[in-house]
Amino acid sequence: MVELAEARVETKPVKMRSMKRGKRIERIVIYALLIILSIVFIFPFFWLVGTSLKPESEAMAFPPSLLPKKWDWANYKEVFEIVPFAKYYINSLIVTVGGVIGTVISCTIVAYGFARIKGKGRDFWFAVLLATMMLPPQVTMIPVYMIFSKLGWINTFLPLIVPSFFGNAYYIFLLRQFFKTIPRELEESAYLDGCGTFGIFWRIIIPLSIPSVITVALLSFMGYWNDFLGPLIYLNDESKYTLALGILQFKGALIVSWGPMMAASVLVLLPLIILFFVGQKYFISGIATTGVKG
Amino acid sequence: MTKSRTFVFYMFILPWLLGFFIFTAGPMIYSLYMSFTDYSGFGEAHWVGLENYKKIFTDDPLFWQALWNTFFYTIIGVPLGLVVGYMLAVLLNTKVKFMGIFRTIFYLPSIVPAVASSLLWILIFQPEFGIANAILSFFHLPTSNWLLSEAMVKPTLIIMSLWGAGGGMVIYLAGLQSVPSSLYEAAELDGAGKWHKFWHITVPMTSNVIFFNLIMGLIGSFQIFTQAYVVSNGNGGPNYKSLFYVFYLYQEAFKFFKMGYASALAWILFVIILIVTVIQFKIFGKKVYYEFDE
């Protein structure tokens with residue numbers, strides 16, 4: 001490595017001058033591409049917000065107006081008048097918060113077991129855990145539905161929340177990767193001080209892993225907030241609907257109220273956008289960790 | 001000591017272990033049993049032997065249609081998604097200014113709830129007053145019925161899925177950033193060009209993240225449901241051209257209550273995914289650099 005670095009120092013200035021022009025053109029092309037792609041990726045958001053501010057006649061005009069002629073907030077009011085939108089919001093919050101709590105508690109405990117406690121059969125069960133990551137939940141959907149049906153839990157939030165307390169392979173894996181990076185010495189000294197395994201987990205590992213716990217909380221928040229198939233199967237009563245089911249109410253087979261529907265979509269999306277900007281680094285690092293260290 | 005460690009290990013992984021038996025292994029076995037019955041969700045299940053499987057393979061055009069739809073969506077959509085995500089990551093990895101802003105722009109669409117983004121795309125691709133056709137007709141290009149057209153509904157769903165390619169991009173980006181720069185410097189000394197470096201250093205050194213995204217992309221693609229459900233008003237139209245496998249499974253189980261039949265469909269899906277995953281590991285597994293355990 002050292003030899004390479006020295007060699008580089010000698011050759012670089014000569015090369016740089018001749019390459020400067022080409023480099024500049026290359027930069028321009030890269031920025032042009034990035035800006036064009038950015039416009040393409042932003043456009044649907046722009047259209048979403050724009051339509052939510054257009055009155056119905058303008059939303060369905062052809063050719064469509066790029067910007068609303070006048071900002072009309074009426075659609076946002078109508079969202080709450082056409083359907084019990086506030087109720088959907090509360091339902092989504094209950095399911096999501098319950099699911100996140102269950103996920104964080106169960107996944108941290110299980111992940112610590114896999115990361116640090118050498119018990120017989122650990123490698124076997126870890127392989128099983130990885131294998132279940134590849135199993136689509138739809139394969140087991142019908143028997144699981146029948147279990148909840150037998151328990152009388154259909155049309156309640158329980159089938160959506162309770163499974164979260166039994167861990168999630170993806171997040172267990174992610175947390176295990178984090179826990180393995182914590183130096184063992186900390187645990188060993190705590191152990192010598194008479195701390196039990198759960199004490200070590202709770203007093204040492206968890207405080208050191210707050211960022212990764214936040215990452216899991218954010219990612220699972222997104223998962224529960226966006227879930228559609230679960231509520232679709234388990235919730236029959238309109239008063240129990242979550243937002244994902246609720247915004248479909250604006251779309252009849254024939255009549256669609258575009259403005260209010262887009263306004264509702266903005267309101268569904270808003271908490272996620274806020275969470276993303278508040279916890280951006282946790283999102284990015286969490287997703288990156290699973291892929292790279294996988 | 002070892003014995004008690006094993007006990008502690010199992011206490012820690014207990015939530016997941018219970019979940020595995022209650023929500024995964026148990027239901028898998030139970031649904032295998034159900035797939036040999038005519039269970040309807042109510043009353044008694046009658047043993048029908050291989051009848052369900054026989055009907056699926058020989059006398060069910062919708063099964064083949066759903067399988068074809070899913071296959072088409074996967075074989076086109078997954079590679080396209082991989083390429084777009086990788087391309088975005090490579091562009092961002094060129095030490096551009098405002099990298100964080102661009103990354104946010106490309107990533108943000110992937111956190112939009114599937115229901116909300118589907119409703120938005122319905123509006124964009126609306127044949128009479130949608131912006132997509134407005135732009136095309138402005139440039140005197142042929143317009144389309146998009147989601148209402150038998151031929152175009154799947155390609156349109158693929159275009160919609162590409163908006164979310166930024167999720168994979170974040171993983172690629174982390175992979176690209178972990179490639180040691182000394183490799184590039186050594187190659188430059190040997191006079192390697194950009195293209196050469198891309199194919200002989202960048203791609204091989206990030207093969208683990210490409211592989212991860214490929215596997216996860218395929219499994220996700222097999223599960224496509226929400227988008228198709230929303231754009232087709234829950235019927236898989238036009239003319240079943242957006243009836244994907246899980247969608248069909250859902251309909252048979254929860255719309256027509258053919259639980260036994262749908263269980264057979266679920267097991268066929270499981271076997272397909274198993275085969276595809278094993279093939280992927282056989283083809284790519286050896287060529288991929290994978291850091292698996294300590």
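Per chain, numbering begins at 1; letters A, B, ... match sequence-line order. Side chains included, hydrogens not; waters and symmetry mates left out as well; all remaining heavy atoms used.
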Where on B:L120 is there a heavy atom nearer than 4.5 Å to chain A: the side chain, the backbone, both, or neither? both
Please state whether the side chain, the backbone, both or neither of B:F270 comes within less than 4.5 Å of a heavy atom of chain A. both
Which bit of [X] is near chain B, if near means a heavy-atom gap under 4.5 Å: side chain, backbone, both or neither?
{"X": "A:S38", "value": "both"}
{"X": "A:A61", "value": "backbone"}
{"X": "A:I147", "value": "side chain"}
{"X": "A:A59", "value": "backbone"}
{"X": "A:R116", "value": "backbone"}
{"X": "A:F250", "value": "neither"}
{"X": "A:L48", "value": "both"}
{"X": "A:L135", "value": "side chain"}
{"X": "A:I172", "value": "side chain"}
{"X": "A:T51", "value": "side chain"}
{"X": "A:M222", "value": "side chain"}
{"X": "A:F277", "value": "side chain"}
{"X": "A:M262", "value": "side chain"}
{"X": "A:F148", "value": "side chain"}

Can the ring centroids of [X] and [Y] be said to lie less than 6.0 angstrom from one another?
{"X": "A:Y145", "Y": "A:Y234", "value": "yes"}
{"X": "A:F201", "Y": "A:F198", "value": "yes"}
{"X": "B:F222", "Y": "B:Y245", "value": "no"}
{"X": "B:F225", "Y": "B:F244", "value": "no"}

Leading residue by heavy atom contact count with chain A [cutoff under 4.5 Å; candidates [options]]:
{"options": "B:T24, B:L18, B:T94", "result": "B:T94"}
{"options": "B:I124, B:L274, B:L108", "result": "B:L108"}
{"options": "B:L249, B:N213, B:T104, B:L218", "result": "B:T104"}
{"options": "B:I101, B:I273, B:L269, B:I215", "result": "B:I273"}

Heavy atoms from other residues, nucleotides or ligands near CZ of B:F98 exceed 12 (cutoff 6.0 Å): no
With side-chain hydrogen bond (donor to acceptor under 3.5 Å, both in side chains) as the test, would you mind laying out the steps for B:T6 and A:R122 before giving the verdict? CA-CA 9 Å; B:T6 297; A:R122 182 174 72 165; over 6 Å; no
What's the shortest heavy-atom distance between A:L34 and B:L92, and which atoms? CD2-CD2, 3.8 Å
If you look at every heavy atom in A:G259 and A:E56, which pair is closest and at what distance? N-OE1, 3.5 Å
Exactly one candidate in A:F173, A:F114, A:F165, A:F166 meets ring pair (Phe, Tyr, Trp, His ring centres under 6.0 Å) with B:W16; the answer is A:F114
Would A:R176 and A:F126 count as a cation-pi pair here, with the cationic atom under 6.0 angstrom from the ring centre and within 45° of the axis? yes
Is it the case that B:S31 and B:W267 place a side-chain donor and acceptor less than 3.5 Å from each other? yes
